[in-house]
Amino acid sequence: MTASTEAEDLGQVPEPGSAGSADGLSSATPIQAPLGTKDVLWPESARWEALIALFRSIVTRAGFGLLVSPAFEDVRLFRRGIGDENEVVGKEMYEFADRSGRRLALRPEGTASVVRAYVQHRPPTPWKAWYATQAFRYERPQAGRYRQHHQLGVEAVGVADPEMDLEVIELAHQLYRSVGLSRVTLRLNTMGCSLCRPAFIEALLAYLSSRSGQLCGAHADTFAANPLRVLDCKKDECRAVTSEAPRLAGLLCDECSAHFASVRDGLDALGIEYLLDERLVRGFDYYTRTTFEFQAESLTSAQSAIGGGGRYDGLVEAIGGPPTPAVGFGVGIERLLLACDAEGCFEVPGPAPQVFVVDLTGGKLARDIARELRREGLRVSRSYENRSMRSQLRQADRSGATLAVIVGPEEAAGSSATLRELRQPSHQPSRQPSRQESVSRSELADRVLELLGNATTDVLDVTAGEGMP
RNA sequence: GCGGCCGUAGCUCAGGUGGUUAGAGCGUCUGGUUGUGGCCCAGAAGGUCGGGGGUUCAAGUCCCCUCGGUCGCCCCA
C-alpha cells in the first residue's frame, strides 16, 4: 500500500480465489492470516495473558496508568515524530485514505500515539502512561519480525530529571528478570540534545565525507541522509571508518554530560549492568540524550533486540505541544517470548478447568451443576452431545481437570453426585487407582471446594473411596 | 524492494533412477467395560500430493509459471 493508492483502486484488486483466471489463483486459495501476521491460540495465548498481567503489575506499582489509544492516526503524526527519511515512515507504514479521504496510518510504533494523546489532552505532569498494543510495519517478515507485532511500553512525560530515565530503564530490566530471562544485555548511549547534537552531526558528516569512498556499498552514497545510521552499520568497511570517527562524548554540552553521568551513576547504584555503546543509534529521530536497548544473547536469529527506548525531549514540541521532556521504552512481545523459548523460561500452563462434569442423563444436570460451581468461582467444563461415559471421562481427563463430577440415573434418583479424582493436584502421572466418593447434591459445591482447597495433599480421603477396581 | 530454502492427512514426516486403489506416527472419533479417564488392543474418519500449465502410454516424482511458508539482506520490537 502506498501513498498514491486511491480508494477506487480497491474495486480493481482481483479477488484471491476468484474463478476464471489462469493466473494461479483460479481455484480457491484458502483464506488465511495475512503475510506477517499470526494467530496466537490457546494454550500459547496463556503466556500472553500472563506477560501482560505481569507487566501491568510492575508498572502499576510505579505509578503508571493504562493508556488506550487508536491503532491508526493522522499520518502526519508519524512523519513529524519519527522522521520522514526514516525507513519505517518512508516505506514501511501501512498508510491509507479512509472513505472521506483522510490520510491515516496504522501506527508503526507506540510512542508517537502516546505523545499525541498528551498534547491533545494535556494531563497534569508528570504523566506516566503504559500501553500494550499492536504495531504495524509493511516489511518482509522473518524470525522475530512481523507485519503486525505487539509492544508493551511506558512513557513518562514532563520530567527531565535523570531519575526518570533510571526508573524507566529499571522497569524494563525488572520485566526481563521477572519472566526469568538472564542472558539480556543492556546497551546504553546518549544522543545529546538540540544544543550539542548538531555540532556532532556536522563533525561526523565532514568526517564521513572525507572517507566516503571507504564506506560499504549501501552507505557510500546514502550517508549524508542520516549519518548516524552509519555508526550502526555492521559491515566491516563502515566499522573501520567509524572506529575513528568523531565521538559525541567529547562534544556533549555540560547539561547533557551531567545528565548522562547521573544515569550511569544511578545504574551502578541500582546494580544494573550495562554496556556503553557509542554506536547504539536507535531507529527514530526523536531520541535525545539517553538511549538504550536490551539485547537477548540467547537469540541466534537476526532480530535479537527485545526492547529499547530513551529520552525524547523534542518530540512533544515537534507535534505541536509545548517544549516538554519525556522518556520511555517499548518491548516487543513476540521477541520477548522468543527469547523466553530460547532460555526455556516463562512457561505458562494453559487454563485447565478444575472440574469436569460428566452427565449420563442428557445434559440438563451438567448445566445446573456447572452453573452452580462456576458461581463458586471454579473453572468448570462439561461434556455435550450426550456421549458415552467412557467418552465423557476421556474428555474430562484430557481437559486437565482435577476432579470429575459424575451424574447418571443413579445419582439423579438419589439427589447425589459422584466425585472422582482425575489427577493429584500435586500431580505426577501416578498409576494408583483413583479415589471417588458420593456426595449429596446439596453438599456438592462445598465438598468440591474442600477437595480442591487442600490441593497439596490427597484429593480424596482413601476411607471415603467406593472400592475402585 | 532483493536473495536462499521448503510446500504430501489437523500436526510431524516417509514416499531410490516417473509405474496399480498415496503411507506411518501422533492427534480425533468409535468399540474392547449393561456407568468409569489415563496404559494397552481393534477399527473408522480424515488427502484437489499448494495451484495452473507442459513433457510422457503413465507425474506426488521431471520442466515452467504462480501462490503460500520460512530464513536472510535493508531496516527495526
Side-chain angles (χ1 to χ4, degrees), chain A residues 2 16-17 21-30 32-36 38 82 86-92 108-111 133-153 172 216-219 222 226 229 232-235 281-284 293-296 299-309 329-339 356 358-361 383 385 387-401 403-404 406-411 418 420-423 427 429-434 436 466 468-469:
Chain A
T2 68
S21 61
D23 58 4
L25 296 172
S26 54
S27 72
T29 21
Q32 52 183 22
L35 180 66
K38 63 173 188 174
I82 298 172
N86 188 285
E87 292 230 348
V88 168
V89 167
K91 55 182 226 192
E92 294 177 1
E109 53 94 45
T111 301
T133 65
Q134 56 296 78
F136 306 87
R137 292 183 201 162
Y138 189 87
E139 51 188 345
R140 252 341 253 285
Q142 65 191 71
R145 189 173 68 189
Y146 309 93
R147 289 191 166 182
Q148 173 176 338
H149 73 281
H150 297 78
Q151 292 186 359
L152 301 169
C216 78
H219 286 117
T222 61
N226 192 349
R229 174 68 36 218
D232 198 35
C233 183
K234 291 150 209 127
K235 294 269 168 37
V281 175
R282 305 266 312 145
F284 305 131
E293 189 168 288
F294 288 89
Q295 190 113 12
L299 285 183
T300 54
S301 55
Q303 316 301 332
S304 60
I306 55 174
F329 73 78
V331 172
I333 291 182
E334 288 86 348
R335 286 191 193 173
L336 177 62
L337 292 178
L338 278 179
F356 192 102
V358 171
D359 183 352
L360 305 174
T361 70
S383 69
E385 295 170 336
R387 297 204 192 169
S388 70
M389 183 171 194
R390 169 198 187 84
S391 172
Q392 292 192 43
L393 273 172
R394 255 207 276 258
Q395 283 188 302
D397 184 59
R398 279 191 316 247
S399 76
L403 286 177
I406 303 169
V407 284
E410 285 177 29
E411 288 86 351
T418 299
R420 182 174 174 81
E421 167 196 280
L422 293 174
R423 52 178 43 69
H427 70 74
S430 80
R431 313 289 283 117
Q432 297 171 13
S434 294
Q436 71 180 38
E466 292 292 322
M468 287 308 305

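Treat the numbers as computed from the prediction; the structure is a model and nothing was measured. Chain A is the first sequence line, chain B the second, and so forth, proteins listed ahead of strands; every chain is numbered from 1.
The side chain to side chain contact (heavy atoms under 4.5 Å, CB included) test applied to A/Arg390 returns A/Ser388, A/Arg394, not counting sequence neighbours. With sequence neighbours excluded, no residue satisfies side chain to side chain contact (heavy atoms under 4.5 Å, CB included) with A/Glu410. Residues passing the side-chain hydrogen bond (donor to acceptor under 3.5 Å, both in side chains) test with A/Ser399, sequence neighbours excluded: none. For A/His150, the ring pair (Phe, Tyr, Trp, His ring centres under 6.0 Å) partners are A/Trp48, not counting sequence neighbours. Residues satisfying the side-chain hydrogen bond (donor to acceptor under 3.5 Å, both in side chains) test with A/Arg147, not counting sequence neighbours, are none. Looking at residues two or more places apart in sequence or on another chain, you find no salt bridge (Lys or Arg N to Asp or Glu O under 4.0 Å) involving A/Glu334. The side chain to side chain contact (heavy atoms under 4.5 Å, CB included) search around A/Pro409 returns A/Leu360, A/Thr361, not counting sequence neighbours.
RNA chain B is contacted by A/Gly332, A/Arg335 of residues 330-338 of chain A, taking any non-hydrogen atom closer than 4.0 Å.
Remark: P of B/rA77 and CZ of A/Phe136 are 16 Å apart, rounded to the nearest angstrom. In this structure, OH of A/Tyr138 is placed 15 Å from C1' of B/rC74, rounded to the nearest angstrom. One interatomic measurement links the two molecules: CG of A/Asp397 to C1' of B/rG38, which rounds to 5 Å at whole-angstrom precision. Spacing between atom CD of A/Gln303 and atom C1' of B/rC73 amounts to 10 Å, rounded to whole angstrom units. Rounded to an integer number of Å, the gap from A/Gln392 CD to B/rG35 C1' is 10 Å. The distance between atom CD of A/Glu410 and atom P of B/rG35, rounded to the nearest whole Å, is 9 Å. Look at CD on A/Gln295: it is 12 Å from C1' on B/rA77, rounded to the nearest Å.
Between the side chains of A/Arg145 and A/Gln142, at least one donor N or O lies within less than 3.5 Å of an accepting N or O. A donor-acceptor pair shorter than 3.5 Å cannot be found between the side chains of A/Thr418 and A/Gln436.
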Quiz item: Could you spell out the base pairing of RNA chain B in dot-bracket, with Watson-Crick or G-U pairs whose two distances are under 3.5 Å, [ ] crossing and | to another strand?
Solution: (((((((..((((.....[...)))).(((((.......))))).....(((((..]....))))))))))))....
Could you list all N or O pairs between the protein and nucleotides 32-34 of chain B that sit under 3.5 Å apart?
{"residue": "B/rG32", "atom": "N7", "partner": "A/Arg390", "partner atom": "NH1", "Å": "3.2"}
{"residue": "B/rG32", "atom": "N7", "partner": "A/Arg390", "partner atom": "NH2", "Å": "2.8"}
{"residue": "B/rG32", "atom": "O6", "partner": "A/Arg390", "partner atom": "NH2", "Å": "2.3"}

Give each protein N/O atom lying under 3.5 Å from an N/O atom of nucleotides 69-71 of chain B, with the pair distance.
{"residue": "B/rU70", "atom": "O4", "partner": "A/Arg140", "partner atom": "NH2", "Å": "3.1"}
{"residue": "B/rC71", "atom": "OP2", "partner": "A/Ala143", "partner atom": "N", "Å": "3.3"}

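Taking atom P on both B/rU12 and B/rG53, the two are 28 Å apart, rounded to the nearest angstrom. With C1' as the reference atom, B/rG54 and B/rU61 are 15 Å apart, rounded to whole Å.
Using a 4.0 Å heavy-atom cutoff across all strands shown, A/Arg147 reaches no nucleic acid atom at all.
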